[in-house]
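Numbers here simply count residues along the sequence, with the first being 1. Keep in mind that this is a model prediction, so the values were computed, not measured.
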Amino acid sequence: MADIISMGPDGSLRVPDEPVIPFIEGDGTGVDIWPAAKLVLDAAAKKCGKSVAWKEVLAGQKAFDETGDWLPDATVEAFRTHLIGIKGPLTTPIGGGFRSLNVALRQLLDLYVCLRPVRWFEGVPSPVKRPELVDMVIFRENTEDVYAGMEVEAGTPEAEKLRDYLIEQFGWKIREGSGIGIKPMSEFGSKRLVRAAVNYALSHGRESVTLVHKGNIQKFTEGAFMNWGYELVRDEFQGRAVGWDDCDGKPEGRLLVKDAIADITLQQVLTRPSEFDVIATPNLNGDYLSDALAAQVGGIGIAPGANINYVTGHGVFEATHGTAPKYAGLDKVNPGSVLLSGVLMYEHLGWFDAATSIVRALEATIADKIVTYDFARLMDGATEVKCSEFASAIVDRL
């Protein structure tokens, strides 16, 4: 019998055998990749004696066309009450119009962790020599930093008022005609992000957490993120985790917490990927790093993502790529990102057998060189198939 997911008194999710899970089909290629992903998710759940009662909710272009609202209150409320949901890509204009719907959902539900596991699946074409060395989990802070959206447009009265105030009160030299943004980063937001990353690393048997920041320049925001992270480790994880400086680089069986400058990290994940395990980082760094790492293992077309609040139990799992409207309705693109986000969702629900069966079937399909166009053009002897055919081929190998 279908029922909603709830939180138990111990802070863990209570998941029925047939949970009601809201989904957003997504704009652009969402019409192709969501049905393909759903086919595989349903087949894997059934194989393991489970099922999902999918509940469609609206956001993006489809919501605007039907309701006149890009993100209806009913959609936010559905994610709020059902705790767990999944979504395809949503339209976000560049340089004007409404702000990102993805960011809006994260802020409205306080989904403070953007979880981005990055690993290579055998057979996936990669631009690097040793993609198998990439096995990282990124914890990106999801509610603060420049993504808080606190900015004023150049040439507006608001911008001039803020500029005048900053010049008068702080003596800051800001050019006339500047757009101005505020970058808030709090101790609370930083510590709960690092706490989630450390807890994940400990529970998953990982060896290290790297705090990635730009604290050499932005000393009181990103530098504070690093300092608060080390402070949290000392205060809350004694005996289980230790900062690099507190152990002279020798953790002696404890989880090692270290830090790295953001720009150097983008180099070292290419040259020394095996030195990175779990990464905790502020919002903007995490955005750059997630997509750069995805390129090493096949691209964002198969990169999963989740937005989670580990305290309230809320989680929205999502395709990490854009809407690619020129491919919409062509049954052409790779459904891997939203499918693997569904795998991540199943793991979060404790449906590990179903999640593992999808990954194995996906790898077997790619090993047989049955792939969508994005991989086919990079592989010798591949059989190029449609989005829906790729999903069917995965189901055949479950």
remark   = Sequence neighbours excluded, the answer for side-chain contact (heavy atoms from CB on, under 4.5 Å) partners of Asp368 is Ile370, Arg397

inquiry  = Enumerate the salt bridge (charged side-chain N to carboxylate O under 4.0 Å, His left out) contacts for residues 266-281, please, sequence neighbours excluded, ordered by first and then second residue.
reply    = Arg206-Asp277, Arg272-Glu275

remark   = residues 364-386 vs ring-ring contact (aromatic ring centres under 6.0 Å, His included), sequence neighbours excluded, gives Tyr327-Tyr373

task = Name the orientation class of the two ring planes belonging to Trp54 and Phe23 (parallel below 30°, tilted from 30 to 60°, perpendicular beyond 60°).
result = perpendicular

ask   = Transitive ILVMFWY cluster of Ile4 at side-chain heavy atoms under 4.5 Å: who else is in it?
value = Val20

query = Which pairs pass ring-ring contact (aromatic ring centres under 6.0 Å, His included) with one or both residues in residues 299-321, sequence neighbours excluded?
reply = Phe317-His348

ask   = Should side-chain heavy atoms under 4.5 Å link Ile, Leu, Val, Met, Phe, Trp and Tyr, which residues sit in the same cluster as Ile261?
value = Ile264

key: Pairs involving residues 75-90, ordered by first then second residue, that meet salt bridge (charged side-chain N to carboxylate O under 4.0 Å, His left out) (sequence neighbours left out)   = Glu77-Arg80, Lys87-Glu318

key: Hydrophobic cluster of Tyr147, others only, ordered by chain and residue number, side-chain cut-off 4.5 Å   = Val103, Val146, Leu284, Tyr288

query = Pairs in or reaching into residues 372-388: which pass salt bridge (charged side-chain N to carboxylate O under 4.0 Å, His left out), with residues at least two apart or in two chains?
reply = none

query = How does the hydrophobic cluster around Leu270 look, that is, which other residues are in it when side-chain heavy atoms under 4.5 Å mark a link?
reply = Val128

Qualifying salt bridge (charged side-chain N to carboxylate O under 4.0 Å, His left out) pairs with a residue from residues 152-181, counting only residues at least two apart or across chains = Glu160-Arg163

Glu122: partners by salt bridge (charged side-chain N to carboxylate O under 4.0 Å, His left out), with sequence neighbours left out = none

